[in-house]
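So that the names make sense, note that chain A is the first sequence line, chain B the second, and so on, each numbered from 1.
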There are 2 protein chains.
Amino acid sequence: MEQNTRQRLIDATYEEVYSHGYQGAALANILSNAGVHKGSMYHFFPNKKEMALCAIKEKIAERFGTRYLAIARGDGDYLKHFFEGLRDLNQRDFRRGCPVANIVQEMSNIDEDFNTAMKEIYAKFRQSVKIIFDKAVSVRELQPCDTTKLALFTTSALEGAILAAKASGDSQDYLDCVECLIGYIESFRKK
Amino acid sequence: MEQNTRQRLIDATYEEVYSHGYQGAALANILSNAGVHKGSMYHFFPNKKEMALCAIKEKIAERFGTRYLAIARGDGDYLKHFFEGLRDLNQRDFRRGCPVANIVQEMSNIDEDFNTAMKEIYAKFRQSVKIIFDKAVSVRELQPCDTTKLALFTTSALEGAILAAKASGDSQDYLDCVECLIGYIESFRKK
DNA sequence: ATGCCACTTGACTGATCGGTCAATTATTTA
DNA sequence: TAAATAATTGACCGATCAGTCAAGTGGCAT
């Protein structure tokens, strides 16, 4: 009937893929959760894969926009806001883990289109963290340093921390990892 | 005919699951790669899931035994040997990523039995790294410190590093992360 | 009002999935 | 050697999967 239908499909697809992985995502579940019939879905998307790729790209871009880019657009205390975000458990779902890491792990070596999409998303993630560090350097919260590598290590350690909590089922593991990581970043603070 | 059949199934299952995930693992592929017929497989295992769990437990236990426990059983230079292992690209398959992380990401929140199995394996991984650090402390390569947390951070940062390389397709990302991690661990060295 | 087009409906298809089973062959035990 | 058990074979099953399609609906432009 409207654009509404497409958005409901995107939302339901994202949830289903986040919960069960791409390969475990059942079209029937997506359709019933979205309240959309099959033929209608194939009016908007050529197949399951394209719909999933759209859902991932759109929903995750949205997520990054509100989370990391918002910090960089702020006015100072970049590290403080970044660390606050890391420590905020409400931003995390440790049962399901990180949506980006899940898809990378599951699909990067299986499908070329997923590989390409996730490469872009992961690069964007690293880039947005690097921008935060660059801002921090520019206002002398950090010493001048290789912010590209620092962002690489930060993002990957963060992904690892989320994985650790998902594996153990204990969010304290995430917090412990994050404190180590913050300690590492703090060592680059301007003295 | 013999125990041989079971082992071929275990090996083929591990490879198939490592390559395509559990949900993407096709019984038909496993059987043809193992050169075993379907009925024969169901003589050794009750179903696909149990066979996969067996394969994961047996193959990964084997992996840890030869890799990390061997270092702890050595006689000194624990950190050096550990770091050498981390830097050795021959030990890694960045296309497929870490077998443990893959399954944790895919299955921990989907199936209780997988969750339990992966919890144990991940805990064993952390424990075996902790033992290396404890040894390092005992011979004064490291200052006395919270080796449990250090092992937690080390393992999770390592998983993150492998993921980063899998996402970008660039093993240099792994090496860069590992150098940061080693730098962090080195800061606990006895001075 | 008429024709057009975006959108919806849901039954249907063929392929593939994991799993079953009865019959057969090999191996061990007595 | 005979009986029992272990292992193998491959046809078969029902369920589920993504994807197709012809028919229908409703709004909008002419």
Quiz item: Are the side chain of Lys57(B) and the backbone of Ile121(B) linked by a donor-acceptor contact shorter than 3.5 Å?
Solution: no

Quiz item: Do Phe44(B) and Val36(B) have side chains that get closer than 4.5 Å, going by heavy atoms?
Solution: no

Exercise. Would you kindly give the NE2-to-P distance between His43(A) and dC5(C), to the nearest whole Å?
Key: 13 Å

Practice problem: In whole angstrom, give the distance that lies between atom OH of Tyr42(A) and atom P of dA6(C). | Solution: 21 Å

Self-check item: Interatomic distance, Leu31(B) CG vs dC17(C) P [rounded to whole Å]
Solution: 11 Å

Quiz item: Quick one: is dG10(C) close enough that its OP1 or OP2 comes under 4.0 Å of any side-chain N or O from Lys38(A)?
Solution: no

Practice problem: Check the distance between dT9(D)'s P and Phe44(B)'s CZ and give it to me in whole angstrom. | Solution: 11 Å

Practice problem: Can you figure out which of dG19(D), dT9(C), dG19(C) approaches the side chain of Ser40(A) most closely? | Solution: dT9(C)

Quiz item: Under a 4.5 Å cut-off applied to non-hydrogen side-chain atoms, are Ile30(A) and Tyr14(A) in contact?
Solution: no

Quiz prompt | DNA chain D: 5'-proximal contact among Gly39(A) and Ala25(A) (nearest heavy atom) | solution = Ala25(A)

Exercise. Take the protein atom CD of Gln23(A) and the nucleotide atom C1' of dG18(C), then report the distance between them rounded to whole Å.
Key: 16 Å

Quiz item: Of the nucleotides dA18(D), dC17(C), dG19(C), which one has an atom closest to the side chain of Lys48(A)?
Solution: dA18(D)

Practice problem: Take the protein atom CD of Glu16(B) and the nucleotide atom C1' of dT16(C), then report the distance between them rounded to whole Å. | Solution: 14 Å

Exercise. Measure from CG on Leu27(B) to P on dT20(C) and round the result to the nearest Å.
Key: 11 Å

Quiz prompt | Partner of Phe133(B) by ring pair (Phe, Tyr, Trp, His ring centres under 6.0 Å), out of Phe153(B), Phe82(B), Tyr78(B) | solution = Phe82(B)

Exercise. Specify the separation, in whole Å, of atom CD of Glu50(A) and atom P of dG19(D).
Key: 10 Å

